[in-house]
Amino acid sequence: MPLINRSTCSLLALGLLLAACGNEPETTETADDSAAATEEATGDSLEAVADADAEATPAPAPAGVDYAVAESGTYTPDDGHAYIVFSYNHLGFSNPMVRWGDWDANLNWDADNPENSTLDVTIDATSVDTGVDDFNTHLNSSDFFNTAEYPQISFTSTALEVTGPESGILTGDLTIRDTTMPVTMDVTINKAGFEERGNVHKLGFSGRTTVLRSDFGLDAYVPNVSDEVDIIVEAEFEKPA
Amino acid sequence: MKKNLSLSAAIVAGALAFAPAFAQDTAPAGTYVEDDAHAYINFTYDHQGYSSPYLRFNDFAVEVSYDPENVTASTVNVTIDAASIDSGVDRFDEHLNSADFFETETYPEITFVSTGLTQETETTGKLTGDLTIKGITKAVTLDVTLNKIGTTMQGDTPKMGFSAKGTVLRSDFDVDAYVPYVGDEVDLIIEIELEKSE
């Protein structure tokens with residue numbers, strides 16, 4: 001049974017994991033679970049922190065990802081640890097990095113058949129956050145996202161293809177303003193775990209894709225400001241035990 | 001219009017002074033400061049193996065002293081308002097400002113003062129300097145790429161754009177809470193446009 005590398009290829013996306021080896025042998029994963037449990041117990045004592053929001057949960061990722069640790073069901077984002085960021089080229093000078101501050105999602109995770117998992121994401125389009133007030137205002141305007149008329153950006157998955165032990169390609173419909181286009185994202189599952197603190201099952205994902213904003217009619221200043229927009233998703237999802 | 005530089009190694013800014021890739025793109029000597037609307041200092045790290053959050057500092061000043069005749073003698077100074085740290089999560093920002101992390105009330109500034117610049121290709125090099133966080137100063141090295149030399153949109157002011165990347169160990173600066181469960185290594189992603197100020 002091959003060891004699963006945590007850091008596999010590709011880019012990650014809005015959180016679907018594919019477990020090509022959903023049927024990986026149980027023995028090693030059981031051992032990993034025990035090790036993880038021990039590390040969690042030890043970690044808790046080491047990491048007692050008064051601040052309720054502290055990131056104190058222990059347990060470094062075990063070798064490989066045991067999807068069964070995260071039981072099937074509906075997962076939602078851990079608001080404190082979920083990022084959707086995008087970047088593009090500005091006149092050749094630099095690559096600004098912008099995020100959406102507010103978004104929600106439902107990940108219907110099938111631990112036994114990850115390829116059957118589905119993901120729906122709804123982004124508050126007004127939460128686009130460049131760190132520059134004037135630019136935020138401009139992005140909300142009809143020059144760009146026209147958020148007064150289209151307050152949400154949504155993604156609905158349509159397929160998930162497993163490409164490796166921790167990687168896959170997620171396909172879905174992305175809707176920005178009044179345009180819906182299929183997009184594909186390279187996804188990696190970073191870790192599946194059970195967190196005693198909070199009593200939740202947890203899945204951590206990375207996703208990467210590049211879209212052409214002109215496909216969605218968002219083509220202001222193309223090509224001086226690039227048409228290609230790189231999207232980075234780093235998101236942790238949780239489900240109460 | 002000026003040709004775009006490829007963003008291959010995308011590294012971040014700071015020192016200027018690489019022999020320009022395009023004959024027509026030479027920036028005059030002088031002081032360059034950040035274009036506040038197009039300057040980003042982001043960083044990322046591993047959170048318990050689950051994900052890599054993306055954070056930024058919103059407020060900072062960059063001053064570069066550029067000498068096209070002696071590029072590697074150019075200097076870079078950066079001053080960051082430590083309290084401008086921005087995770088997108090209010091309670092996390094508060095925690096980051098506390099004594100558990102950056103202790104910004106006592107140490108309101110993070111600074112970088114360059115000490116050396118070496119050129120590797122026409123558009124890339126390594127910038128070394130003293131980074132000071134929480135009163136602790138350590139040498140760090142950034143991989144820097146000059147993306148473009150040009151002018152502002154109005155065409156009247158010389159402009160440069162850089163990318164820079166580097167990795168620091170936060171424990172070196174006593175910002176070591178939760179290491180190793182939360183990664184010690186912090187990857188810097190810096191994208192800065194500068195305009196000539198004088």
Side-chain angles (χ1 to χ4, degrees), chain A residues 6 12 39 43 46-47 49-62 65 78-85 87 89-102 127 129-132 134-135 190-193 195 202-206 223-224 226 232-237, chain B residues 1-7 10 12-13 35-42 44 46-59 84 86-92 94-95 98 100 145-150 152-153 159-163 177-178 180-183 189-194:
Chain A
R6 265 199 64 221
L12 309 172
E39 287 168 340
L46 291 175
E47 294 297 331
V49 178
D51 187 341
D53 300 313
E55 306 177 327
T57 309
V65 177
D78 166 2
D79 284 334
H81 302 99
Y83 288 84
I84 301 179
V85 174
S87 182
N89 185 269
H90 176 249
L91 308 178
F93 284 114
S94 73
N95 304 288
M97 193 165 266
V98 181
R99 69 174 173 236
W100 278 292
D102 295 316
S127 74
D129 181 358
T130 65
V132 182
D134 285 349
F135 190 21
N190 301 315
K191 182 172 170 180
E195 299 297 326
K202 197 157 191 178
L203 288 161
F205 298 87
S206 299
N224 297 321
S226 70
I232 297 169
V233 180
E234 293 285 331
E236 302 182 17
F237 282 74
Chain B
M1 203 42 209
K2 308 297 185 188
K3 209 173 79 175
N4 285 349
L5 284 180
S6 76
L7 298 173
V12 167
D35 166 4
D36 284 325
H38 300 100
Y40 288 84
I41 297 180
N42 281 275
T44 187
D46 179 73
H47 176 248
Q48 300 177 0
Y50 284 111
S51 73
S52 300
Y54 277 76
L55 276 63
R56 68 183 185 224
F57 287 99
N58 287 324
D59 299 320
S84 75
D86 183 354
S87 65
V89 182
D90 287 344
R91 64 184 186 279
F92 188 23
E94 287 171 20
H95 196 195
S98 78
D100 280 359
T145 298
L146 167 65
N147 298 320
K148 180 173 171 177
I149 289 176
T152 56
M153 295 292 282
K159 186 162 186 168
M160 297 187 195
F162 291 87
S163 302
Y178 317 123
Y181 306 112
V182 177
I189 304 167
I190 302 169
E191 297 282 334
I192 296 188
E193 301 185 15
L194 299 147

Worksheet item: Is it true that a side-chain atom of A:S127 and a backbone atom of A:G101 form a donor plus acceptor pair closer than 3.5 Å?
Response: yes
Worksheet item: Which atoms of B:D35 come close to chain A, meaning under 4.5 Å heavy atom to heavy atom: side chain ones, backbone ones, both, or neither?
Response: neither
Response to the item:
Bottom line for B:S87: the part with an atom under 4.5 Å from chain A's heavy atoms is both
Worksheet item: Relative to chain A, which segment of B:D86 carries a heavy atom at a distance below 4.5 Å: side chain, backbone, both, or neither?
Response: both
Worksheet item: Which of these passes side chain to side chain contact (heavy atoms under 4.5 Å, CB included) with A:V98: A:T130, A:V85, A:I84?
Response: A:T130
Worksheet, complete the sentence: Output for pair (B:Y40 OH, B:F57 CZ), nearest 0.5 Å, gives 16.0 Å
Fill in: Region of B:L55 that comes under 4.5 Å of a non-hydrogen atom in chain A
side chain
Worksheet item: Can you tell me how far the CG atom of B:N147 sits from the CG atom of A:L91, to the nearest 0.5 Å?
Response: 11.5 Å
